[in-house]
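Residue numbering restarts at 1 for every chain, and letters A, B, ... go by the order of the sequence lines. The structure displayed is predicted, hence computed values, not measured ones.
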Amino acid sequence: MSEQELNINELKKVRMDKLAELREAGIEPYGGRFERSSTAQIVKDKFAEMEGRTVKLAGRIVAKRRHGKAGFADLQDFSGNIQLYFRKNDIGEAKYELFKRLDIGDILGIEGQVFRTNKGEISVHVADLVYLSKSLLPLPEKWHGLKDVELRYRQRYVDLMVNPEVKQVFIKRSKIIKEIRNYLDSKGFLEVETPMMQPIPGGAAARPFITHHNALDMDLYLRIAPELYLKRLLVGGFEKVYEINRSFRNEGISTRHNPEFTMLELYQAYADFEVMMDLAEDLVSTVVQRVNGTMTVEFEGRKIDFSPPWKRVSMLEAVKEYTGVDFNLIKGGEEARRAAENLGLEIKGNASWGEIINEVFEEFVEDKLIDPTFIYGFPVEISPLAKRNAENPELTDRFEVIAVQREIANAFSELNDPIDQRERFLKQVEKRNMGDAEAHMMDEDYINALEYGMPSAGGMGIGIDRLVMIITGSPSIRDVILFPTMRPRE
RNA sequence: GGGCCAUUAGCUCAGUAGGUAGAGCACCUGACUUUUAAUCAGGGUGUCCCAGGUUCGAAUCCUGGAUGGCUCACCA
């Protein structure tokens, strides 16, 4: 006997006794296959034709009301709840005894006639029942449900049982991802899978997780983005690819950050960032419309309108609009620093013109943007994989979509010049050597791929969890991830 | 990582000045053959997050720690 079983509490002990009783009566408490003829929701929706007919349902008992020689129970299946009616005279002594000993949480298969009670509740008059699973632990309270957020995340299975709205969020999440796939597939994109374990983690500025492969005796990194592999596929001749899957970043946890998160990345040969703008607008608004039935969503008490077209404004214009400072007229890091400091910002010692503009943008503009807005023209220093703008080589043809003060998409014309790319990597390596753990590593094989020639292309990344947050109105990323990362208990 | 807050029965929560813990639901016993937060009668089932300290005495005060939430920093 384990320590766990010795510390068994009273409530569990009672159920263990009932489990033993069942076995003694020759009843298997953990049944097998059960062929259902219907579900709770179908019986209720189609009552007119179901009334009087015999149905077989299966599900969990979530409530029980006994009245002497008859009683009711609520059966919950994935579709919803339905009431069961047990009557001793009809079901017989032995089976009625089973009903009396039934615990909330037990999973049953039942067979009975559909009817409506005097009070109008559509119910099933049970004629037979089989045990499919005996529950040994008590469920949370029927009225308040499970509120303790820690328990809700740690034991999501209980959360899902007793808080129906949680289930709806994850059903919607599944629909969102399905609609994204439908959309991209219909546009001729090919879904691919690229390595999650990478010898050189690239495609984003982030600290990676490290793991070890024993047989090869080598360290591998969990990917921080699929980007560089997806672009290798463009080199290989795939013209429209996408991947929806997990990336991992070894950073802090917050309401907007989980160490593992789901991202969509897509690449389209012979396109550019403006094609990506049209695509972002159409993709996201289509998905919102299909999932919510409208192009507006409610988030934190605000209405956000995803109807195209979305506003398009350059980063420098946006900064000018909100701070009055025109960085077009400001040359070099020193002058930019003074301008930023005049705005009340503290700037790191070695920050460049582009980095400073980005900081000013994030500080003064980002939290003003509610409806989805394209911000384009990102500085080259913070965009090591994006193509330079033809008129201003200090800027790149890159944009982000900002909605509800947060980035929901990031896209650019892909840098396909191997010589420029090598220089950009070298700049990153320099920063890395200066102690920036999030700067890119040199990826010789990626350069090698570019040297074979990568078609001009547009690419885009969308954080799925954050998109789901907005569409479902969830304030925390943990509300849209079934099993968010937690410290283990004990 | 910093700041603030929380942790009491299976769940949701009270808790006096520091005096040895309580309610509702769940659970157990009994009554009740159409109830639905069923009702009625009876029963409290506890490592008050953990470890020290102060005190005659700590759920309560102090120190340290754990876990979680929010927030700032960083990022997507």
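In this structure, A:Tyr376 has its ring center at least 6.0 angstrom away from the ring center of A:Phe399. In summary, the aromatic rings of A:Phe72 and A:His67 are positioned with their centroids under 6.0 Å apart. Ring-centre distance between A:Tyr322 and A:Phe364: not below the 6.0 Å cut-off.
Scanning residues 146-153 of chain A for heavy-atom distances under 4.0 Å to RNA chain B yields A:Leu146, A:Lys147, A:Asp148, A:Val149, A:Glu150, A:Leu151, A:Tyr153.
A:Thr255 comes within 4.0 angstrom of the backbone, heavy atoms only, and of no base. If you check every strand for non-hydrogen atoms under 4.0 Å, A:Ala205 touches sugar and phosphate atoms only.
Not counting sequence neighbours, A:Glu407 has no partner by the salt bridge (Lys or Arg N to Asp or Glu O under 4.0 Å) test.
Here the closest heavy-atom approach between residue A:Val401 and residue A:Ala280 is recorded as CG2-CB, 4.5 Å. Smallest separation of non-hydrogen atoms from A:Gly473 and A:Phe299: CA-CD1, 3.6 Å.
In this structure, the side chains of A:Phe425 and A:Met441 stay at 4.5 Å or more apart for every pair of heavy atoms.
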Could you run down the sub-3.5 Å N/O contacts of the protein with nucleotides 21-24 of chain B?
none

Polar-atom pairs under 3.5 Å, protein N or O versus N or O of nucleotides 1-7 of chain B: list them with distances, or write none.
none

Polar atom pairs (N or O), protein with nucleotides 28-34 of chain B, under 3.5 Å:
| from | atom 1 | to | atom 2 | distance (Å) |
| --- | --- | --- | --- | --- |
| B:rC28 | OP1 | A:Lys18 | NZ | 2.7 |
| B:rC32 | N3 | A:Gly68 | N | 3.1 |
| B:rC32 | N4 | A:Gly68 | N | 3.2 |
| B:rU33 | OP2 | A:Lys69 | N | 3.4 |
| B:rU33 | O2 | A:Arg87 | NE | 2.4 |
| B:rU33 | O2 | A:Arg87 | NH2 | 3.4 |
| B:rU33 | N3 | A:Asn89 | ND2 | 3.2 |
| B:rU33 | O4 | A:Asn89 | OD1 | 2.5 |
| B:rU33 | O4 | A:Asn89 | ND2 | 2.3 |
| B:rU34 | O2' | A:Asn118 | ND2 | 2.4 |
| B:rU34 | O2 | A:Asn118 | N | 2.7 |

Dot-bracket for RNA chain B, 5' to 3', with Watson-Crick and G-U pairs under 3.5 Å, [ ] for crossing pairs and | for other-strand pairs: what is it?
-> (((((((..((((.....[..))))((((((.......))))).)...(((((..]....))))))))))))....

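Paired with A:His440 under the rule side chain to side chain contact (heavy atoms under 4.5 Å, CB included), one option of A:Arg424, A:Gln428, A:Lys427 passes, and it is A:Gln428.
Atoms CZ (A:Arg249) and P (B:rA73) sit 19 Å apart, rounded to a whole Å.
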